[in-house]
Each structure stands twice: as C-alpha cells, then as structure tokens.
S.K.: 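The following block contains the structure, expressed as structure tokens.
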Number of protein chains: 2
Amino acid sequence: METLIRQSASDVTVCLKAVSDPTRLLMMKLVETNELCVCQFVEMFDMSQPAISQHLRKLKSAGLVKENRRGQWRFYSMNQESVHAPLLQNILSHIEDTDPQLLALRDKEMPVDCC
Amino acid sequence: METLIRQSASDVTVCLKAVSDPTRLLMMKLVETNELCVCQFVEMFDMSQPAISQHLRKLKSAGLVKENRRGQWRFYSMNQESVHAPLLQNILSHIEDTDPQLLALRDKEMPVDCC
DNA sequence: GACTTATATAACTGAATCGTTATATACTAA
DNA sequence: TTAGTATATAACGATTCAGTTATATAAGTC
C-alpha cells in the first residue's frame, strides 16, 4: 500500500512535467524496479546518447532518479527518498504491464557490457 | 478507495500532458468537486478569457472535463466517465488542501452571475 | 603518457506551448 | 432586429522542448 504524502500544487507540477514526456515516463517505469546505465537506455530506446542523457538530467533535476557511478558507467534508478516518489509510483501503477511499448523496450534490454 | 484501472503508457501520457501545466492542474483540482463556468475561471486565475478557454479545450480534448451548457454559460466539471479519471483523482489527491495557490483561487470564487 | 569507452555538455533547429489581441459565434433580452 | 454578454477561434510572438551533431570530460586500459 502506498503512502499518501500531500505536496503543494507546484511540487506536483514539477513531477508531472518530468514524466509527461513519453520517453521519460517509460524510463521511469523501467527504473522503478531496475537500475540501468545510459548505454542500456540508448540501446532500448534507439535514440542518440545525448538525447538519453538529457532526459536523464531532467529526471534527476526533478529528483525522480538517483545516479550511481560504478566504473565508467552511471546507473540510474528511482529515487525512493524523493517527495515525489509516492505520487510517481502511483502514476506508474496505472501503466499496464502488458503495454506493448514497455514490452518492446524490455525485450531490447541488454547486459551492462553491451556497449 | 480509488479503482486502479491500468492503461497504456501513451494513454497515461495524454493525461499527464494535460495536467502538467500549473494552471490546468489547479483547474482540475477546482472542478474535482465543483462545476465552474468560464467567467469564474477568468476571475479566479486573473487571466484573459481566451487563455482560459484554450486551457479548458485542452482538458476537454484529453477527456478530463465535460462541458455542460446552460443558458449563455458553459460549465465545466470533471469527467468521471473518462478512462483517465482514476489516475487523475489519484494525482489530485496528492495536492494538499492547504496549498496556498489553491486557497487563493477558492477565495476569489464568485457566484455564477459574476460577469 | 596515449587511446578507448562512457557519459555530459554546448550549440543549434524545428516543433510545440502559452500567453496575447482581434474577431467570430451563440445565446439573451429589449 | 439590435445590443449585450459569454465563450470560442484565429493569428501572432516569445519561450520552451526534444531531438540532432560536435565537442568536452572522466574513467579504464595499454
């Protein structure tokens, strides 16, 4: 059961703006349970590396993901400590696990040493 | 207790894009329980009438609000029949009732024959 | 050190967004 | 029918956004 933390409307807007983009929404769904590195996102979304980096920066500056550096890689995962985490998980729970886009992305998930 | 209806990621994006604007998010919070006409929004948000109309059009085309014509007025209220309604109510429930912006708006609420 | 790999940042472009003012439409009332 | 009120739409400008390519940074390897 999710905790209901209430926030200001402008705080909620920060979270919504961050995930109102289809790429970033799916990214969040992917890191809800997993930890993924930039090169994995690039593979999965078939998008340029800078595009992915910029999406991740937006998610990070909204506080939705946290960054974990290991070696040359930077891993991203959902920031559970964020004030937005309860709202975000709530939103993500509305996405069906059978969503074709989501399944297609997970199909393309490669091991970390992909690149 | 809210029903959890799962939707496709792109459906969720439609809803999120519609309410990721601070004005529209607050509009939805206001029509969550009330039915309001355009002129009331104009008073409350201190924004031009066309700006309000355009926000309402976006909310309507996303299916989040329904329109009710009575006389010369058009009243807007939350569309409970929408597939987005459960997600939307979930999002709105994260906004604190003591939000200063929200309180300020409700303070400015005028009777329908305001204009 | 030099070279490679992973990621970030900068600079740019086209499209979308949000507001404005001006105008059109629709209903009401005299 | 004419005037007034409520709302919608059109056209425009400033800003933001999401992608691109080119370049910088940082870590790993030889």
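All values below were derived from every heavy atom in this structure, side-chain atoms included, with hydrogens, water molecules and symmetry-related copies excluded. Residue numbers start from 1 in every chain, and the chains themselves are labelled A, B, ... in the order their sequence lines are given, proteins ahead of strands.
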S.K.: To the nearest Å, how far apart are B/Phe41 CZ and D/dT7 C1'?
M.R.: 13 Å
S.K.: Specify the separation, in whole Å, of atom CH2 of B/Trp73 and atom P of D/dA8.
M.R.: 14 Å
S.K.: Are A/Arg57 and C/dT9 close enough that a side-chain N or O sits under 4.0 Å from OP1 or OP2?
M.R.: yes
S.K.: Would you please confirm or rule out a distance under 4.0 Å between OP1 or OP2 of C/dA8 and any side-chain N or O of A/Tyr76?
M.R.: yes
S.K.: On a heavy-atom basis, which atom in A/Leu26 and which in B/Ala9 lie closest, and how many Å separate them?
M.R.: CD2-CB, 3.7 Å
S.K.: Taking CD from A/Glu43 and C1' from C/dA6, how many angstroms apart are they, rounded to a whole number?
M.R.: 13 Å
S.K.: Which residues satisfy the side-chain contact (heavy atoms from CB on, under 4.5 Å) test with A/Thr13, sequence neighbours excluded?
M.R.: A/Lys17, B/Pro22, B/Leu25
S.K.: Assign a letter to each nucleotide of nucleotides 14-22 of chain D from its 5' end: B, base within under 4.0 Å of a protein heavy atom; S, sugar-phosphate only; -, no contact.
M.R.: ---SSBBBB
S.K.: What is the separation between atom CD on A/Gln72 and atom P on D/dA27, rounded to the nearest whole Å?
M.R.: 11 Å
S.K.: Which residues pass the side-chain contact (heavy atoms from CB on, under 4.5 Å) test with B/Ala51, not counting sequence neighbours?
M.R.: B/Met47, B/Ser48
S.K.: Please state whether the phosphate of D/dA8, meaning OP1 or OP2, lies under 4.0 angstrom from any side-chain nitrogen or oxygen of B/Arg74.
M.R.: yes
S.K.: Using a 3.5 Å cut-off and no angle test, enumerate the donor-acceptor pairs between side-chain atoms of residues 56-65 of chain A and protein atoms at least two apart in sequence or in another chain.
M.R.:
unit_1	atom_1	unit_2	atom_2	d
A/Ser61	OG	A/Arg57	O	3.4
A/Ser61	OG	A/Lys58	O	3.3

S.K.: I need the CD-C1' distance between A/Gln40 and C/dT7, as an integer number of Å.
M.R.: 14 Å
S.K.: Return the angle between end axes of the helix from C/dG1-D/dC30 to C/dA30-D/dT1, with five pairs used per end and rounding to 10°.
M.R.: 10°
S.K.: Who pairs with B/Lys108 by salt bridge (Lys or Arg N to Asp or Glu O under 4.0 Å), at least two apart in sequence or on another chain?
M.R.: none
S.K.: Atom CZ of B/Arg69 and atom P of C/dT25: how far apart are they, to the nearest Å?
M.R.: 14 Å
S.K.: Report the nucleotide, chosen from D/dT7, C/dA8, C/dT7, that has the shortest atom-to-atom distance to any side-chain atom of B/Ser53.
M.R.: D/dT7
S.K.: Could you work out, with salt bridge (Lys or Arg N to Asp or Glu O under 4.0 Å) as the rule, every residue matching A/Glu35, not counting sequence neighbours?
M.R.: A/Arg70
S.K.: Among residues at least two apart in sequence or on other chains, which ones pass salt bridge (Lys or Arg N to Asp or Glu O under 4.0 Å) with B/Lys66?
M.R.: B/Glu81
S.K.: Which residues pass the salt bridge (Lys or Arg N to Asp or Glu O under 4.0 Å) test with B/Glu32, not counting sequence neighbours?
M.R.: B/Lys29
S.K.: Just so I know, are the side chains of A/Phe75 and A/Val31 near enough to count as touching, which here means a heavy-atom distance under 4.5 Å?
M.R.: no
S.K.: Can you check the B/Leu59 CG to D/dA8 C1' distance for me, whole Å?
M.R.: 15 Å
S.K.: Can you measure B/Arg70 atom CZ to C/dT28 atom C1' for me and round it to whole angstrom units?
M.R.: 16 Å
